[in-house]
Amino acid sequence: MMRNTWDREIEAIASGKVAPLYLLTGDEEYWKDKVVKTLIDRLEAQGSCEYSRAEGLEGLRWAVDCLMTVPMLGGQRLYRVKLGVEDLGKLDRATEERIGSFLRSPGGGCLVLDAQGQLSRVHTGILRQARVVECPRPRPSALARWLIREAKARGCQLEREAAYALAFAYAGTGVRMAMSELEKLCHYVGEGRIGRREVSAVASASSSVRIFDLFDAMAEGRVEEVLKSAAALRSAGEHPLRMLAALANHLRLLLFCRLALDRGMSTAEIHKQLSQHPYVVRKALQAARGLSSAALKRALLLALWCDEAIKTGKMREDAAFQIFLWRSANMLSGHGSSMARDHR
C-alpha cells in the first residue's frame, strides 16, 4: 500500500503517475477536490475523460461494474465514490473480487474512493492495493503559508499578519472558505498588498479577526470604538456569548503570558508551556507587556459575571455584554477600578 500527502500526490499525478485505485482520507474536501481535478486534467491530456460520482456501497458496485465494461465512446473513465468509514469495513467478498478483477485490467479507468470520516488504518484486503492520499484539515500555520503562496500566484502580496488572521478565523471551517475570502481580497486590492485592514474590511466571515481588533481597542481604552465595533459584529450576526467566549479565551492567554513574564520565563519557555504557534505566542507577549496581571484578572472576572448574567437571565445579553466591554476597556487601559462586585 502506497501512502502520500495530497500535495505530493498531485505532483505525482501531474508527472503522469496515475494509479487505477485511490483512497482519499481526511476531513479537508478542498484537498480531495484538487486531487480529483488533477486526475481529470491528466486523463483528459491523454484523450477524453468521462467523470462520474456515486455514493455508498451500491454506488461502489455500480462504479466498478461500469469500469469493467468497454466504454462506448472510448477514452478514459474516472469514478469517485463517497463512502463512510463504516462502509469500508463492510465490503463483501464479491465486491472485493470485482475490484480485484478491475485492478488486473484497468484499461485506463480510475476508481477514487472518498472516505468520509477519520480512517485510522485500512482493514480490507483489496484496499491495501490502493494509493492512500491523506487530506487532513490544515493547522492554522500551514493554512497561512498556503494562503500566502496562493495570493502570490494571483499577483498579490498577503502580509504575514493578515495571513495568520485569516487562517485562525477559518481554521475550523476548512480551506474552501478561506480561499473564497482570499479570492475576494485579491479582487479588492487588484495586484497590491493585503493587510489586516483589508481583511477586516472585506472578509465576510472575518468576525474572529474583528473580535481581536475589538480587543486591541479595549486594551487601549478606546471605549467608543469598542462599542461601535461590537454593534457592527452584532449586526453581522455575531452572538454576544460567542464574542464573549473569544474575548475571554484571549484574556486567559494574555494573563498566562503576563504571569510568565513576571516570573522571568523566557519566550522559548512560554511557547513550550502554551504549545501554540510562535506567531500566536509572539503577538500575545507583545500585548501582555502593556497590561497588568491585576487588570487582566479583573477583566476575566467580569467576563464570568457577564456569562452568568446572560445565561441565568439576570440581564439582557446585549446590555450585559456592553457593560463588560465598557468596564473592561477602562480596566485594561488603566482607567478602571474594582468591578464585578458592583454587579453581583
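FYI, the numbering just counts along the sequence from 1.
Salt bridge absent: R137 and D27 never bring a charged side-chain N and a carboxylate O closer than 4.0 Å. Taking the charged nitrogens against the carboxylate oxygens, E181 and K184 do have a contact shorter than 4.0 Å, which makes a salt bridge. A salt bridge is defined here as a Lys NZ or Arg NE, NH1 or NH2 lying under 4.0 Å from an Asp or Glu carboxylate O, and R154 with E183 meets this definition. At a threshold of 4.0 Å, the pair R176-D33 counts as salt-bridged, since one of the basic side-chain nitrogens sits closer than that to a carboxylate oxygen. Between E159 and R196 there is no salt bridge, since none of the side-chain N atoms of the basic residue sits less than 4.0 Å from a carboxylate O of the acidic one. A salt bridge links E58 to R61: one of the charged nitrogens lies within less than 4.0 Å of a carboxylate oxygen. A salt bridge links K32 to E29: one of the charged nitrogens lies within less than 4.0 Å of a carboxylate oxygen. K37 has a carboxylate O that lies under 4.0 Å from a charged side-chain N of D41, or vice versa, which qualifies the two as a salt bridge.
In this structure, Q322 contributes its side chain and A319 its backbone to no donor-acceptor pair below 3.5 Å. Judged purely by atom type and a 3.5 angstrom limit, S328 has no side-chain atom pairing as donor or acceptor with the backbone of L325. Side-chain N or O atoms of S105 include none that pairs as donor or acceptor with a backbone N or O of F102 at under 3.5 Å. No donor-acceptor distance shorter than 3.5 angstrom exists from the side chain of D307 to the backbone of L304, with no hydrogens or angles considered. Judged purely by atom type and a 3.5 angstrom limit, E28 uses its side chain to pair as donor or acceptor with the backbone of V175. In terms of modelled atom types and a separation under 3.5 Å, the side chain of N249 and the main chain of A245 share a donor-acceptor contact. Side-chain atoms of R258 come within 3.5 Å of backbone N or O of A288 as a donor-acceptor pair.
The local environment of CD in E191 is sparse, with at most 12 non-hydrogen atoms from other residues, nucleotides or ligands closer than 6.0 Å. Atom OH of Y188 is surrounded by 12 or fewer heavy atoms from other residues, nucleotides or ligands within 6.0 Å.
The side-chain heavy atoms of M265 and Q273, taken from C-beta on, include a pair separated by under 4.5 Å. Side-chain contact check for E134 versus R3: some heavy-atom pair is nearer than 4.5 Å. Put simply, the side chain of L274 reaches to within 4.5 Å of the side chain of C257, judged on heavy atoms.
Closest of all the heavy-atom pairs between E198 and I194 is OE1-C, 3.9 Å.
Between the side chains of T95 and R98, no donor-acceptor pair is found at a separation under 3.5 Å.
For the atom pair R80 CZ and I40 CD1, the distance stands at 8.5 Å (nearest 0.5 Å).
Checked against the 6.0 Å centroid threshold, W62 and Y79 count as a close aromatic pair.
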